[in-house]
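Beneath this line is the structure, given in structure tokens, with notes to follow.
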Amino acid sequence: MNNLPDRIAEIGIALLAGAVLFLNLPGFSGGTDLTDDLASVRPQEVSVRDRAEFASDLDRARRLVDGNGDPRDALADLRTRFPGVHEVWALSARHREDIGEKHGAVRDYARAVRLYPDYLEDGSPFYVGARVERLADQVFGELRAARSDGGLSDDQRSTLKAVYFLRRRLAGGCE
């Protein structure tokens with residue numbers, strides 16, 4: 001009987017080791033790629049030297065998104081040059097949503113909200129909460145179905161993490 005506490009400790013360690021292995025299996029959504037990515041996102045101030053160029057490029061991309069051309073290259077350029085500016089991600093999300101790229105739109109909205117939480121604050125002039133909630137619910141339903149049909153790809157897991165992030169923020173939770 002003296003060995004019972006030792007045996008219980010061994011079983012506990014074995015269970016813990018098994019849980020750690022399980023959580024790190026491919027296909028399990030326990031990774032943190034988008035979560036880490038969102039956590040590392042920092043707002044970026046556009047330098048005084050770049051403000052006029054940024055404003056001009058953002059305005060040109062906005063006109064393209066509003067139906068006067070193809071904004072993909074302009075948005076890709078802005079995302080690369082100004083990754084910490086919320087307007088870039090919100091505009092990119094709107095464009096992706098408009099063309100039916102719902103998963104990309106969710107990820108871009110998550111980044112925009114991380115950079116500027118007022119997008120989900122009722123009463124804010126930038127409020128898009130109802131739009132984001134509707135989109136997040138649609139994508140969540142699709143991802144739940146895909147997960148039950150055979151698992152999620154890395155891209156889908158990343159999108160699911162963005163959905164969870166946005167849902168927490170919509171519910172008034174912290175990051």
Side-chain angles (χ1 to χ4, degrees), residues 29-143 146 152-175:
S29 62
T32 58
D33 55 350
L34 181 72
T35 308
D36 289 345
D37 185 39
L38 282 174
S40 67
V41 170
R42 299 287 180 255
Q44 172 186 0
E45 275 295 320
V46 178
S47 70
V48 173
R49 182 185 57 147
D50 294 334
R51 280 188 192 153
E53 181 182 357
F54 170 73
S56 172
D57 290 350
L58 185 66
D59 186 54
R60 183 171 69 76
R62 191 173 283 126
R63 283 192 315 272
L64 291 169
V65 167
D66 288 338
N68 298 324
D70 184 0
R72 286 180 292 186
D73 291 339
L75 289 169
D77 179 55
L78 284 168
R79 286 190 305 258
T80 301
R81 290 186 2 225
F82 303 101
V85 178
H86 66 90
E87 293 100 329
V88 170
W89 296 99
L91 184 60
S92 179
R94 185 166 61 96
H95 169 66
R96 288 183 182 206
E97 184 180 6
D98 289 347
I99 64 170
E101 290 181 13
K102 294 186 280 189
H103 294 229
V106 163
R107 290 190 304 269
D108 286 357
Y109 274 128
R111 187 174 288 264
V113 168
R114 172 66 173 100
L115 291 167
Y116 193 73
D118 281 2
Y119 283 113
L120 300 182
E121 293 296 321
D122 198 15
S124 164
F126 298 109
Y127 179 74
V128 292
R131 182 180 199 155
V132 169
E133 185 172 19
R134 196 171 38 257
L135 180 66
D137 287 346
Q138 288 173 358
V139 169
F140 183 71
E142 291 173 11
L143 293 173
L152 299 175
S153 68
D154 290 341
D155 188 51
Q156 289 171 320
R157 279 193 298 278
S158 179
T159 302
L160 185 59
K161 290 173 187 176
V163 168
Y164 286 143
F165 169 78
L166 290 169
R167 285 178 138 195
R168 279 193 312 272
R169 296 307 301 262
L170 284 162
C174 297
E175 298 171 37

| request: Please determine which of Arg94, Glu97, Arg169, Arg114 meets the side-chain hydrogen bond (donor to acceptor under 3.5 Å, both in side chains) test together with Tyr109. | output: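 For Tyr109, the side-chain hydrogen bond (donor to acceptor under 3.5 Å, both in side chains) test succeeds with only one of Arg94, Glu97, Arg169, Arg114, which is Glu97.
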Heavy-atom pair with the smallest gap, counting every atom of [X] and [Y]:
| X | Y | value |
| --- | --- | --- |
| Val106 | Ala162 | CG1-CB, 3.7 Å |
| Ala112 | Ala90 | CB-N, 3.7 Å |
| Ala105 | Leu135 | CB-CD2, 3.7 Å |
| Leu143 | Gln156 | CD2-CB, 3.7 Å |

| query | Does the pair Lys102/Asp137 count as a salt bridge with the N-to-O cut at 4.0 Å? | reply |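 No.
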| query | Under a 4.0 Å N-O cut-off, is there an ion pair linking Arg63 with Asp59? | reply |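 Here Arg63 pairs with Asp59 in a salt bridge, since their nearest N and O are under 4.0 Å apart.
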Under 3.5 Å: donor-acceptor pair, side chain of [X], backbone of [Y]:
| X | Y | result |
| --- | --- | --- |
| Trp89 | Arg107 | no |
| Thr159 | Asp155 | yes |
| Ser92 | Asp108 | no |

| field | Atom CG of Asp118: over 12 foreign heavy atoms under 6.0 Å | value |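 Yes, CG of Asp118 has more than 12 neighbouring heavy atoms, counting only those of other groups under 6.0 Å.
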| message | Around atom CZ of Arg72, are there more than 12 heavy atoms from other residues, nucleotides or ligands closer than 6.0 Å? | response |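 Counting neighbours around CZ of Arg72, 12 or fewer heavy atoms of other residues, nucleotides or ligands fall under 6.0 Å, so no.
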To the nearest 0.5 Å, what is the distance between [atom1] ([X]) and [atom2] ([Y])?
| X | Y | atom1 | atom2 | answer |
| --- | --- | --- | --- | --- |
| Asp66 | Leu91 | CG | CG | 8.0 Å |
| Glu142 | Leu152 | CD | CG | 11.5 Å |
| Leu64 | Arg62 | CG | CZ | 11.5 Å |
| Asp73 | Leu78 | CG | CG | 11.0 Å |

| request: May I ask you to decide if the ring planes of His86 and Tyr116 are parallel, tilted or perpendicular, using 30° and 60° as cut-offs? | output: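 Parallel.
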| query | Checking Arg167 against Phe140: charged group under 6.0 Å from the ring centre and within 45 degrees of the axis? | reply |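 Yes.
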Let me have the donor-acceptor pairs involving side chains of residues 48-56, under 3.5 Å, with sequence neighbours excluded, atom names and distances please.
from  : atom 1 : to    : atom 2 : distance (Å)
Asp50 : OD2    : Ser47 : OG     : 3.1
Arg51 : NE     : Val46 : O      : 3.3

| message | side-chain contact (heavy atoms from CB on, under 4.5 Å), that's the test. Do Val128 and Val113 meet it? Break it down for me. | response | CA-CA 10 Å; Val128 292; Val113 168; 5.9 Å; no
